[in-house]
Amino acid sequence: MQEKLNELKTRLWEVNDLHGAAALLYWDQATYMPPGGAEARGRQLAALSQLAQERFTDPAVGRLLDELQPYEASLPYESDEASLVRVTRRQYQRATRLPAAFVAEASQHAARSYQAWTTARPANDFAAMQPLLEKTLELSRRAAGYYGWPADGHVADALIEEADYGMTVATLRPLFAALREQLTPLVEAIQRQPAPDDSFLHRHYPEQQQWDFGVRVVERFGYDFQRGRQDKTHHPFMIKFGPGDVRITTRFHENDLGDGLFSTMHESGHAMYEQGIDPALDGTPLGGGTSAGVHESQSRLWENLVGRSRPFWSHTYPQLQAVFPDQLGDISLDSFYRAINKVQPGLTRVEADEVTYNLHVIIRFELELALLEGSLAVQDLPEAWRAAYRAALGVTVPDDRQGVLQDMHWYYSQIGGGFQGYTLGNIMSAAFWQAANAAHPEIAGQIAQGRFDTLLGWLRAHIHRHGSKFTAAELVQQITGAPLSIAPYIGYLQAKYGELYGL
Ligand code: ZN
């Protein structure tokens with residue numbers, strides 16, 4: 001059996017290396033590639049992904065998985081070997097359900113749609129996207145049909161499990177509804193209070209100093225630059241080529257201190273997750289983060305629960321003032337802390353504060369379910385978007401550019417499965433944070449001294465090292481002893497913002 005397991009691993013390593021090579025081409029495209037490289041790069045990326053897909057869906061992989069079934073059954077669930085066979089089988093079954101002709105049709109359509117969106121969005125031209133989006137909806141429904149979903153389930157379940165395996169509409173809808181019910185009065189209460197002044201965050205902050213300060217912060221968090229590096233891009237992301245090369249990207253605006261700084265912290269949270277995975281799982285389907293939600297829990301934990309906390313800034317703010325004496329010399333720690341936590345219902349998800357952010361996600365989640373169910377037509381989507389923003393955030397969407405066209409998700413991929421992970425991540429970040437602090441009450445005091453090793457060590461031991469061995473639900477159960485609950489997250493928001501806004 002060891003021989004068969006090794007054969008499987010060899011095949012998986014090859015697939016993993018093809019994905020790693022494609023990732024490097026993508027990284028280059030998003031950082032340094034001159035515009036003239038786009039066409040050839042698109043072909044090269046498609047060729048590598050297709051090769052990886054063919055190697056992974058090779059019937060020989062299926063046969064090995066079948067032959068390894070008794071071996072898997074003889075081992076403990078959480079062993080590396082049983083987990084490898086279990087998780088690989090899950091991914092193999094999913095990958096082999098889509099006919100090759102459908103995959104080709106969908107990826108061609110996705111490229112065309114994304115290309116059209118890059119001009120339709122600045123032109124505020126939803127009409128140009130409507131027929132393409134109708135086709136995307138049809139393809140998304142067909143993909144769901146190929147994957148299948150349980151008789152008592154929802155068509156979106158087939159798409160959600162791609163990024164957040166184990167999560168379903170039946171569990172997410174009540175969870176998100178309860179969250180929204182708690183968030184709405186909190187947002188309203190905050191809005192009745194005077195808004196903090198954050199104008200000084202928009203003074204002039206030279207890029208190089210922002211860069212150096214951000215690097216110092218994430219290095220202190222524990223992001224390992226011997227196994228990573230940072231570069232500039234338009235839309236920051238984290239990317240992994242192997243366990244020894246996990247990179248982050250960032251961007252800076254010289255008139256907006258928060259954007260670059262918190263984005264750098266966010267991506268470092270994703271990267272530390274990948275850097276913390278047990279090297280024994282490397283090169284296999286176990287050697288990456290387990291779900292979009294758990295990944296986002298790590299990025300949001302470092303960005304928000306640490307990076308926007310009072311203990312963190314009580315230590316770090318004097319250092320920031322020393323870097324920017326002209327810009328922040330006259331600003332107290334308290335004023336700074338209030339400014340970086342300013343709550344303001346707005347139009348744009350990626351610019352939203354901690355309290356309103358999930359309302360943006362829940363709006364998208366509900367709209368995509370309605371589209372998939374057929375209760376909402378694509379042509380009525382812009383108006384449904386405006387109505388949802390009025391109802392949930394009390395804001396008027398002036399145009400589709402700042403409305404339904406703002407996120408690329410529906411325009412470059414599929415409708416369904418792309419948004420729930422953001423809010424799941426926020427909910428889980430607080431659940432994990434509460435568990436870490438219960439196990440180590442000294443964490444807050446250490447953060448106030450600029451120390452993060454106990455926190456990172458706990459995250460490594462309970463989350464990172466497992467890679468994809470456990471599902472999100474299993475991790476939450478192991479760590480908190482209960483299924484995922486919004487209580488820690490709501491408790492965190494109410495305590496923090498209650499204190500900030502004197503509620
Ligand atoms: Zn993220």
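We count ligands from 1, going down the list as the structure has it; atoms in each ligand are counted the same way.
In terms of modelled atom types and a separation under 3.5 Å, the side chain of D407 and the main chain of H409 share no donor-acceptor contact.
Coordination check, H295 versus the Zn ion (ligand 1): failed, since every N/O/S atom of the residue sits at 2.8 Å or beyond. In summary, an N, O or S atom of E296 is located under 2.8 Å from the Zn ion (ligand 1).
The closest approach of H270 to the Zn ion (ligand 1), by N/O/S atoms, is made by NE2.
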What do the steps show when you test K469 against D80 for salt bridge (charged side-chain N to carboxylate O under 4.0 Å, His left out), and what is the final call? CA-CA 8 Å; K469 216 183 243 193; D80 288 1; 2.6 Å; yes

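Here the side chains of L320 and L257 are in contact, with some heavy-atom distance below 4.5 Å.
A salt bridge between R308 and E303 is present, with a side-chain N of the basic residue lying under 4.0 Å from a carboxylate O of the acidic one.
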